[in-house]
Amino acid sequence: MSDFDLVIRNGTVVTAADTSVCDVAVRDGRIVALGERLAPGREEIDAAGQYVLPGGVDAHCHLDQPMGPGVRMADDFETGTRSAACGGTTTVIPFAAQQKGHSLRAAVDDYHRRAEGLACIDYAFHMIVSDATSAVLSEELPELIEAGYTSFKIYMTYDDLKLDDRQILETLAVARREGAMTMIHAENADCIAWLTEALEAAGHTAPRYHADSRPPVVEREATHRAISLAELVDTPVLIVHVSGTEAVAQIRWAQGRGLRVYAETCPQYLFLTAEDLDIHGFEGAKCVCSPPPRDEASQATVWDGLENGVFQVFSSDHAPFRYEDAEGKKAAGEDAAFQYIPNGVPGLETRLPLLFSAGVLGGRLDITRFVALTATNPARIYGLYPRKGTIAVGADADLAIWDPDAEWTVTNDALHHDVDYTPYEGMRLRGRPVVTLSRGRTVWRDGAFVGEPGNGRFLRCARPQPARPRGESRGF
Ligand code: URP
Ligand code: ZN
Ligand code: ZN
């Protein structure tokens, strides 16, 4: 009787540190041996000529998140995790969002109910703190951090979510004391409100004016302020969905001063520009997200930042709203002013293939950096490493066997989310997963989803263990 459930042979095994051609043996859902000519397994996969990658960790996505009246996310835990698995991702970290006036614990409990029995791959939760009352800060947040919800997002914009500077300081102080990671959505709410009012008064309500209502300076100012508040409290922060040159400059400045400022970017800032909001009729609504996509110069800056270490994390920020749907992008009608269009683009399934094709094969990122950005760093930063995010004896057998030569065209019909469009329709890509394994079970193989809702498990996170921003001498 074989000792191994599965042996993956002759693939190029990639971690954030190096690559080696070897076999990977799996037993009881975990990696139990790496080496040459391992004994036969009950099942075998020949991965010659292919990469064996740690399954992706998508550390920023929104699934079945309760929205305002009349608006609904298209993906729940089943369709969202199915789509992620088909794109080579094996762990997702969506958000349990506190509603103002409600408890944080209630949001976490509700989110567990939403995930229960549906997730096809493993998942953890970030929290969203939108009501930083003294009960939340002194009791709920510390208890939840201790219980394995060790990261939370705060907003500097959106009326129903934003905190003011004093509340941010008080929340950061809790993160410092409890050892949690704070993610910050950095855009200046008052600037956006003022610009939106002026644009609307001038009759500029089409989707493309969304970009004008949130210009780079609005993100730059908030990024600088978030960094300053974190410096004052002396706690690490991670600036999410960074869109371009001006915010990157603030983050580089902070990292250069040795501050523990981490940063995330997303496909929409590499592959879209503000011009994508200016397509026929209302269709620009498909690309309305915040911060908005910028210009080609910003795309180049974001690529540089992925390469040179300004960014530690590459996430999808999958925020799924159907286009042809009265509860989706058109919730307020086809002629609705841009400020009423639900924000966000889908991207769980396309995140890894887009970055691999344009980044690795495009000569901008080496394959180890690709793994660091898409799996290892998010696992470390959010306390899931080394169980997730790497290929090592003892780690979960969450793997993507990746064909670097597969040529394909992105079409929404072939994706597995429940959104009726992809912003990347028609893009020609090279490279994609041929097999995805979640704790040793095959969930995607040769173009078919073969996973099962309910097999995904909830993951309690340890305190963050971030990789240092590159070139920095101070640790966490
Ligand atoms: O437009 C976006 N990014 N929507 C998702 C919510 C958020 O702020 O991440
Ligand atoms: Zn955000
Ligand atoms: Zn988001």
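Just follow the structure's listing: the first ligand is 1, and inside any ligand the first atom is 1. Side chains included, hydrogens not; waters and symmetry mates left out as well; all remaining heavy atoms used.
- With the Zn ion (ligand 2) as vertex, K153 NZ and H185 ND1 subtend 130°, rounded to 10°.
- The atoms of ligand 1 that sit less than 4.0 Å from any heavy atom of C289 are 1 (O).
- Taking the Zn ion (ligand 3) as reference, the nearest N/O/S atom within D317 carries the name OD1.
- When non-hydrogen atoms are compared, ligand 1 lies under 4.0 Å from the backbone of N343 as well as from its side chain.
- Residue-level proximity to ligand 1 for A319 is carried by the side chain, the only part with a heavy atom below 4.0 angstrom.
- With ligand atoms numbered from 1 in the order given, ligand 1 contributes 8 (O) to contacts under 4.0 Å with heavy atoms of Y158.
- In terms of protein heavy-atom proximity, atom 6 (C) of ligand 1 is closest to H62 NE2, 3.5 Å.
- When only non-hydrogen protein atoms are considered, atom 7 (C) of ligand 1 lies nearest to K153 NZ, 3.3 Å.
- Short contacts between ligand 1 and H60, defined as distances under 4.0 Å to a heavy atom of the residue, involve ligand atoms 9 (O).
- When hydrogens are left out, the protein atom nearest atom 1 (O) of ligand 1 is S290 N, 2.7 Å; that is the closest non-hydrogen contact.
- Metal site remark for the Zn ion (ligand 3): H60 contributes an N, O or S atom at a distance under 2.8 Å.
- Ring pair Y123/F458 is tilted by interplanar angle, where 30° to 60° counts as tilted.
- R225 CZ: more than 12 foreign heavy atoms inside a 6.0 Å radius.
- Using bins of under 30°, 30° to 60° and over 60° for the plane-to-plane angle, the ring pair H62/H60 lands in the perpendicular bin.
- Put simply, the residue from T91, I121, T374, L348 that forms a side-chain contact (heavy atoms from CB on, under 4.5 Å) with D58 is L348.
- With a cut-off of 2.8 Å, the Zn ion (ligand 3) has no N, O or S atom of H241 in range.
- You'll find the ring centres of Y269 and F314 outside the 6.0 Å limit.
- Checked for salt-bridge contact, R114 and D110 meet the test: a charged N lies under 4.0 Å from a carboxylate O.
- The minimum heavy-atom distance between D122 and R387, with the atom names listed, is OD2-NH2, 4.4 Å.
- A perpendicular orientation is assigned to the rings of W303 and F271, their planes being inclined by more than 60° (bins at 30° and 60°).
- Nearest protein heavy-atom contact of atom 8 (O) of ligand 1 is H185 ND1, 3.0 Å.
- E349 and H416 are linked by a side-chain donor-acceptor pair at a separation below 3.5 angstrom, with hydrogens and angles left out of the test.
- The atom of H62 that is an N, O or S and sits closest to the Zn ion (ligand 3) is NE2.
- From the protein, the heavy atom lying nearest to atom 3 (N) of ligand 1 is D317 OD2, 2.7 Å.
- Checked by atom type and distance alone, the side chain of R369 pairs as donor or acceptor with a backbone atom of L306 at under 3.5 Å.
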